[in-house]
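Written out below as structure tokens is the structure these notes cover.
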Amino acid sequence: MTAITVDTKPITAATPGFWRTAWRRFRRNKLALVSGIVVVLILLTAILAPLIAPQGYQVQDLANSLAGPSRGHLLGTDRLGRDLLSRAIYGARTSMLVAIGAPLLGAVIGIPIGILAGWYGRAVDFVALRLFEIFTMVPQILVALLLIALFGNSVGKLILFLGISSWLGFARLARAQYISLRNRDFVLAAQAVGVPTWRILIIHLLPSAVGPLIIFLVQEIPATIFASAGFSFLGLGVQDPLADWGKMLNDGTQYLSIDLWTVMVPTVCIALATLAFSFCGDGMRDAIDPSSRQSASR
Amino acid sequence: MGGLVDQSVPDVSAEAAVPTRATTPMLEVKDLVVHYETRGPGALFGRSQTVHAVDGIDFALQTNETLALVGESGCGKSTTGRAALMLERPTSGQVRFEGQDLATLPRRQLTAMRRHLQMVFQDPIGSLNARHTVGYAIAEPLLVHNLRPRGQRADRVTELLELVGLPADAADRYPYEFSGGQCQRIGIARALAAEPQFIVLDEPVSALDVSIQAQILQLLTDLQTRLGLSYLFIAHDLAVVGQMSDRVAVMYLGQIVEIAARDSLYTGPMHPYTQALFSAVPEPSVGADRQTVVVSGEVPSPVDPPAGCRFHTRCPMAQEVCAVEPPTLRDVGSDHQVACHFAEDAVQANPFGLHLEG
Amino acid sequence: MLEIDDLRVSFPLERGMLYAVRGLDLTVRAGERLGVVGESGSGKSVSAAAIARMVPAPGRISSGHIRFDGSDVIGLPERDLRRLRGGQIGMIPQSPQTSMNPVITIEAHFQEALALHLGLSKAQSSDRTIELLRSVGIPDPGSRMRGYQHQLSGGMRQRVMIALAIACEPRLLIADEPTTALDVTIQAQILELFDRLVAESDLASILITHNLGIVAGHCDRVVVMYAGKVMETATVAELFARPSHPYTLGLLRCVPRLTAARTRTFATIPGSPPRVTEDAPGCPFAPRCDRVTAQCRTETPELLRIGARADGSGFASGEHSVACWHPVEFGEVA
Amino acid sequence: MVAYLAKRFLTLICVMLVMTMVVFALMHAVPGGPFDQTQQPLPKPAMENIMRKYGLDQPIWRQYLNWLWAVLHGDFGTPFSQPTMTVTGLIAQAWPATLIIGAWTIGISYIGGVVLGCIAALKHNTWVDRILTSTVSTAGIALPNYVVGFVLITVFGVRLGWLPVGGWGQPQDVILPVVAFSLYPLALMARYTRATTLEVTYADYVRMGRARGLSERRLTFRYVLRTALIPLITIMGPNIPNILTGSIFIEATFAVPGLGSYFTTASLHRDYPLILALVLIVAALWGTCYILSDVAYTVLDPRVRLEGLSR
């Protein structure tokens, strides 16, 4: 028996895995890191709202309505004399619930459709594409608006309708991912070994596709904040007395010239949240796929 | 089920490895046709076209034999390899493995059959899933075919790694930590995990550096000797093919133009295309007066292959009949078939000034 | 004509540095056909790019001299550098598929180059383009040149790239793996064309390849590179007859021969080519070499000409240099 | 080419038909009708009268066919909320405001976005690129336009008093809505432009152009931008209808009586004829722009242009 030559290239000392490398890159991106911290803070605020807020979100102090910042009300009060800081803190709760809940629902609906369309192609793909087409024709916002107007509003319905209208993006992305992965050699290799299809779809392809999908989810959060707060701002979303940033904006607009704080507090909250999630999402994308920023610097 | 390195498996010596003509071949491909639809040029206005990737080929492969499929890109050699494993559904024709037609086999049985038929790919890194450890990649065939009790799988992985010349601790690492040559070893270990009898080697060394190429070729040769494997060796490098195969089939535009025992072909190629291929290989030696004539033109599109002999558009020997009458494979010697109307003349005329004396 | 002296090129990595070329010395004389061979990561392509100061970002030339016709390429101002590129040095790419602007016609490629370097008018350049395309074997050049690159096959594209490289009558032609992306019969056609053009116009050429067979048939002199360094250089005949570096010898043995009988054993070099991330002393081939000694690991052998020995044995006629502490003596191996 | 266009438009019409059916069914699936919302419930006979007048007493498929038949004759019906007008008339009244804002927005955001994207790509990996890409464009994409609107109103309307805080009629009313509305498409275009340009910047053929001695200027315009900008059509085209049909939020923020605000009120009041007409407009516009941008792309880019096109 002939000696089988051993490839003597020293196997590199345990290099960090994929996620660890990504985390290292993310950490080096200052903007993303700061945004990530802000995101965590917002989420903590939302979870711990009753502990942090100085007052309840519906405690009225009619004698002190539309008063600017004072010792008693750090950010002032609204038309009913409710403490704006407290409402902003409770507002984080409602806003985050919708902002995260709706894209999650969209992902749950969209990803399986996208996977099937991308993997099976042909007839399945054709039907999926026509479905995409119908949903692209009417902007997502209008679909959600229509549904809310027709079926009424509550936080639960807001999540439901925004989720339903956001499935398209996830389906598209999952489809594109699976199409590009479908013809890769490692898939053919798995088929050659005799790995069943479900196993290929989940154990082989999902880990490769999950990164971009998670990033898309994070990037959908600011878009959902935009829409949900927007609907509340139009008076279609969250209803009194529940606190929500968009609702606060709606309450405040009429008093813009009397008390700027009623508008600026929710505006800053929405801006801060959308920016934080956005920069964080971008940072994650760059961390997972450095070429997205350093494009082809070979 | 005996282990690959078990002594219970008869160690086939190099002498015995010379193929013996069994009555039924291990693998038999009959009139295999693979056509597929594709969009023509122009992303929007293109019409769908039929690509004649493989257009009616026959060959047989004996136990412990290596048959090479050689040809240029687009000749259908890779498609043939994939169709032989049912990784690409043939449009028509048969692929018989130990007498059973894989094309008509129900899905379940085909999946079960896969463990006997394996494949090694051209891109060693791309054919491994970057998110799985090497150990998982090698263990997966055991898992899906339920080959070993759970507890013994890790040992089996170590055994396989050792077999292809890699250290046991490689199992915990990821593919990108390895060089191309090492990844190809992992790919081979994975193919061997299910204890196959037949492996399709699809350009297994063309992505590798020369010095690594030789290592992998040696490994494949040793494994064949040791495990009694049959190879379908797909390659474009005639020199490599000459070192690896018992029999060689030359393909051009989806058809076999010449098929012969290795020595017969390498000393006397008869089809003008085979001669052209041989003469085009740059030999790493100085002084030899080779390559006096270069074949002209390029391979026509497989969407609309020429009528008659498919090579007639580039063939210096072509006559009128070649454009009309497709030549069929005919015997021109012992274990030597050629599909050319004027093969004997081509040998006489030697249009490419070929001489193959070592 | 071309003189490269102690050229070093490095690429910053996410962590650390990749040393692609580490002290390259090389000369090309007028009319000479130089071959540069090496495996992946040997620095052969980067060296070629560096000649016209075209090292892709983020890589950079960290030190060394490049003289073309006596003028220092490294210190050349942008204007003169552009005159050099295309005008004096023509380049043929590895992948003809992606090397032409997809949205301008083939003719437009020629026109802009001819106007720039030779100052030809539109009509003149049209005539010249047809002439050039015909000389590289493009059928029906008049109508072809009004088309786009995607209408050509791979082989045809490479012919056009060659015509484009020689359009402005350069004195040096650099071809970086010009046939790697092509099939063997097309490769033969392109190499034949390359040879003919080089001979006709008395060009100097540098042919970069990993294929020793191509070097044997199409070059006068060879440089063997490994890990960013020159291991050996000699005339083609000399190198193939008397390889002196163990790496060269190993490489020659590894290459399967078409005419050799089937033996079922393959000569191998253990290990794989390194990725050089630290510029440490010692022979880069030492970890894979079967003649290695302690000296090889700690001291870097210089590229020295093989001189006459007392007994007069084993020596090269012209120039044959090797960077090895223990070179293979002539006659030592069969 | 003609056959291709015919096929595409036919598909579009089919898709639109399906879509209107879905919307129609959806609206009717909801419990309650458009006239339930009034404070005092109408007496039964009056209600029946109204229902009959609008054909709401007929079976749903009948209603749909009636509606479809009328639409094919250019009649979109009467809006429930304003019985004195026609849907067509109402839209004709509301759209100009939206169109003016939309046109300015397209002009500013497309030109500005492409220019900024090019600058970022050409200054790749410098501070200019970093600021444009990771800060300005991300902020532009993330910040809701009404939030931007309120900041603008606060600063320029309330604090400085330079511009009106809202309303419609004077020329200066256009400025703030357009600025607020432009930010998102501007950032989007900049991002896409940068990406396509960067992809080309390192392409082999740019390198080969450099190897022939072409100047960086020439390479930038003739090699990089020319190839990079063509695919942008496929992004620009389908975004046009989104902008031209206005933003419900911008119109609410700045109190612009445009199409968007009508959509909001129409949805709230279940004004079926108006909703259907608006949905149809959006869809038709979107489909047409999508097809036209595909065709424009194919005609402009020789890479995808087929010889058969001219035949």
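Just so we're clear, the structure is a prediction, and the values are computed from it rather than from any experiment.
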Go through the atoms of [X] and report whether side chain, backbone, both or neither lie under 4.5 Å from a heavy atom of chain D.
X: A:Leu236; value: side chain
X: A:Phe279; value: both
X: A:Leu31; value: side chain
X: A:Phe135; value: neither

For [X], is it the side chain, the backbone, both or neither that has a heavy atom under 4.5 Å from a heavy atom of chain A?
X: D:Ile275; result: side chain
X: D:Ile153; result: side chain
X: D:Val148; result: neither
X: D:Ser247; result: neither
X: D:Val282; result: both

Those residues of residues 255-266 of chain D, ordered by number, that approach chain A below 4.5 Å (heavy atom to heavy atom):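 D:Phe263, D:Thr264 fall under the 4.5 Å cut-off.
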Audit row: A:Phe233, D:Phe150, ring-ring contact (aromatic ring centres under 6.0 Å, His included) steps and yes/no: CA-CA 12 Å; A:Phe233 157 57; D:Phe150 278 116; 5.5 Å; yes
Looking only at heavy atoms, which two atoms of [X] and [Y] are closest? And how far apart?
X: A:Pro103; Y: A:Ser166; value: CA-OG, 4.2 Å
X: A:Thr224; Y: A:Ala102; value: CG2-CB, 3.8 Å
X: A:Ala273; Y: A:Trp245; value: CB-CZ3, 3.6 Å
X: A:Leu162; Y: A:Ala144; value: CD2-CB, 3.9 Å
X: D:Thr245; Y: D:Pro241; value: OG1-O, 2.7 Å

Lys/Arg N to Asp/Glu carboxylate O, D:Arg207 vs D:Asp204, below 4.0 Å: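 Judged by the 4.0 Å cut-off on N to carboxylate O distance, D:Arg207 and D:Asp204 do not form a salt bridge.
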Sub-4.5 Å side-chain heavy-atom contact between A:Ile148 and A:Lys157: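 A:Ile148 vs A:Lys157: side chains apart.
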Contact leader toward chain A among D:Leu278, D:Thr253, D:Val18, where contacts are heavy-atom pairs under 4.5 Å: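 So the answer, after comparing D:Leu278, D:Thr253, D:Val18, is D:Thr253.
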A:Phe126 atom CZ, neighbour heavy-atom count above 12 within 6.0 Å: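 Not buried by this count: 12 neighbours or fewer within 6.0 Å.
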Check: D:Asn145 main-chain N/O paired with D:Tyr184 side-chain donor or acceptor under 3.5 Å: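 Answer holds: no.
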Step-by-step side chain to side chain contact (heavy atoms under 4.5 Å, CB included) determination, A:Arg175 to A:Asp125: CA-CA 9 Å; A:Arg175 174 179 175 269; A:Asp125 197 29; 2.5 Å; yes
